[in-house]
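Only one structure is covered here, and it is reproduced in the block below.
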Amino acid sequence: MIAAAVLVCALPAVPAMAQTPAKPKVALVMKSLANEFFLTMENGAKAHQKANAAKYDLLSNGIKDETDTSSQIKLVEQMIVSRVNALVIAPADSKALVPVLKKAIDAGIIVVNIDNKLDEGALKEKGISVPFVGPDNRKGAKVVGDFLAKQIKKGDPVGIIEGVSTTYNAQQRTLGFQDAMNAAGAKVVSVQSGQWEIAPANTVAAAMLNANPNIKALLCGNDNMAIGAVSAIKAAGKTGKVIVVGYDNINAIKPMLADGRVLATADQFGSQQAVFGIETVLKALAQKKKQAELGGVIETKVELVAKGAKS
């Protein structure tokens, strides 16, 4: 951060496209690097840049936790001052990042959205168009929920632990889980936010188990929260009695999938998420496209990961 501050102070605030560098500077701004998913994303991006070192330079940054929206806004402001040519962002909040992204676009920076989709209404209000590159989270969560539904009965109570409630991907995953539970006739007795983090999810899961002693499953919006739920289930003496599912397929969840503490998760290929976004901005830069010419959704794959699941 000290090095970044020196860089910001040393460079004048001029539009990004005012210069024509030999190769473009692409900024990757992620959410919490305490989350293994985003470390995987960053590693994938760095590997891609190393393999394409003659094509572009990469500046990657993340925030301390999933709710540190103000720090992410400051990171985008730093990238504007640093005169990057393109910005690939996984926003911590679907609405709060839109104003600073408009500043980036006004400075001539090509912006592409990954992981968590920006709010359409907020984009329209600011008069900007930002393409989204990523999976259909609702569809992915429904696939996981459908697999879980085979293990429970009609009328069984279940709980949903969602991510930061203001984020689009958290909302979509919750909807996908609800779609699956409604189709199965299960009863969703509680939907609460675990903030994408292990500790808050552990607290939420413990409260759900206490309030609903007969709960049969906890559907978690990411694997960090699934890990927190598994710990709460163990503490309540209900291991093997409450099913847990997650989303992301991080390395930390794999032993739990192997021994049955977690039934299933979804792989959205985290190592490639940023790469898909980077390739999108590089193509736009090569074709000298303006932000207004970009938009829409480029859907990437998501797959169920579970014992006994068809590949």
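Just so it is clear, the structure is predicted and the values come from calculations on it, not from any experiment. These numbers come from the heavy atoms of this one structure, side chains and all, not from hydrogens, waters or symmetry mates.
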**Request:** State which residues pass side chain to side chain contact (heavy atoms under 4.5 Å, CB included) with Q151; sequence neighbours excluded, sorted by chain then number.
**Result:** I243, L263
**Prompt:** R261 versus V244: any side-chain heavy-atom pair under 4.5 Å?
**Reply:** no
**Item:** Least distance between heavy atoms, V133 atom then G277 atom
**Value:** CG1-N, 4.2 Å
**Message:** What I'd like to find out is whether the side chain of L257 reaches to under 4.5 Å of the side chain of P255, using heavy atoms alone.
**Reply:** no
**Message:** Once ring pair (Phe, Tyr, Trp, His ring centres under 6.0 Å) is applied, what residue pairs with a partner in residues 237-284 remain, sequence neighbours excluded?
**Reply:** none
**Request:** Write down the atom of I152, the atom of A186, and the distance for their closest heavy-atom approach.
**Result:** CD1-CB, 3.8 Å
**Request:** Verify, without hydrogens or angle tests, whether Q268 (side chain) and D248 (backbone) share a donor-acceptor contact under 3.5 angstrom.
**Result:** no
**Prompt:** Sub-3.5 Å donor-acceptor pair from the side chain of N85 to the main-chain atoms of K25, do we have one?
**Reply:** yes
**Item:** Contacts of type salt bridge (Lys or Arg N to Asp or Glu O under 4.0 Å), residue D179, not counting sequence neighbours
**Value:** R138
**Message:** Is there a side-chain contact between L28 and N61 in this structure, where contact means two heavy atoms from C-beta onward sitting under 4.5 Å apart?
**Reply:** no
**Message:** Strictly distance-based, threshold 3.5 Å: is any side-chain N or O of D223 a donor or acceptor partner for the main-chain N or O of I253?
**Reply:** no
**Asked** Going by heavy atoms in the side chains, are L294 and K289 under 4.5 Å from each other?
**Response** yes
Mind listing the side-chain donor-acceptor pairs of residues 156-165 below 3.5 Å, one per line with the distance, residues two or more places apart or on another chain?
| residue | atom | partner | partner atom | Å |
| --- | --- | --- | --- | --- |
| D156 | OD2 | K153 | N | 2.7 |
| E162 | OE1 | T174 | OG1 | 2.6 |
| E162 | OE2 | S165 | OG | 2.8 |

**Complete:** side chain to side chain contact (heavy atoms under 4.5 Å, CB included) filter on F132, not counting sequence neighbours, yields N113, K117, V297
**Asked** Taking all non-hydrogen atoms of both residues, which atom of G237 and which atom of K241 are closest, and how far apart?
**Response** O-NZ, 4.4 Å
**Fill in**
d(D119 CG, Q171 CD) to nearest 0.5 Å is 8.0 Å
**Message:** I'd like to check the salt bridge (Lys or Arg N to Asp or Glu O under 4.0 Å) partners of D146; sequence neighbours left out, ordered by chain and number.
**Reply:** K142
**Item:** Minimum heavy-atom distance W196-T167, with the two atoms named
**Value:** CZ2-OG1, 3.6 Å
**Prompt:** Is there a side-chain contact between L123 and V130, using heavy atoms and a 4.5 Å cut-off?
**Reply:** yes
**Prompt:** With sequence neighbours excluded, what pairs up with K234 under the salt bridge (Lys or Arg N to Asp or Glu O under 4.0 Å) test?
**Reply:** none
**Fill in**
In short, A264 meets L304 closest at the heavy-atom pair CB-CD1, 3.9 Å
**Fill in**
Sorted by chain and number, sequence neighbours left out, side chain to side chain contact (heavy atoms under 4.5 Å, CB included) with A96 holds for T69, D93
**Request:** Give every residue pair that meets the ring pair (Phe, Tyr, Trp, His ring centres under 6.0 Å) criterion with at least one member in residues 40-70, sequence neighbours excluded.
**Result:** H48-Y56
**Asked** Is the closest side-chain heavy-atom distance between K23 and K55 below 4.5 Å?
**Response** no
**Message:** Can you tell me which residue among L75, V29, I73 is in a side chain to side chain contact (heavy atoms under 4.5 Å, CB included) with I63?
**Reply:** L75
**Request:** For K139, enumerate each residue passing the side chain to side chain contact (heavy atoms under 4.5 Å, CB included) test, keeping only those at least two apart in sequence or located in another chain.
**Result:** D136, E299
**Message:** With a 4.5 Å cut-off on side-chain heavy atoms, are L33 and M30 touching?
**Reply:** yes
Exercise answer: donor-acceptor pairs, residues 38-47 side-chain atoms, under 3.5 Å, sequence neighbours excluded:
| residue | atom | partner | partner atom | Å |
| --- | --- | --- | --- | --- |
| T40 | OG1 | E36 | O | 3.0 |
| E42 | OE2 | S60 | OG | 2.8 |
| N43 | ND2 | L39 | O | 3.3 |

**Contact check, side chains of V302 and D267, non-hydrogen atoms, under 4.5 Å** = no
**Prompt:** Considering all heavy atoms of both residues, which atom of V144 and which atom of G246 are nearest to each other, and what is their separation?
**Reply:** CG1-O, 3.9 Å
**Item:** Short side-chain to backbone donor-acceptor contact, R173 and N137, under 3.5 Å
**Value:** no
**Asked** Around K238, counting heavy atoms of other residues, nucleotides and ligands shown, do more than 12 lie under 6.0 Å from its NZ?
**Response** yes
Quiz: residues 198-217 side-chain donor-acceptor pairs under 3.5 angstrom, not counting sequence neighbours:
| residue | atom | partner | partner atom | Å |
| --- | --- | --- | --- | --- |
| N202 | ND2 | G228 | O | 3.0 |
| T203 | OG1 | A199 | O | 3.3 |
| N212 | ND2 | M208 | O | 3.2 |

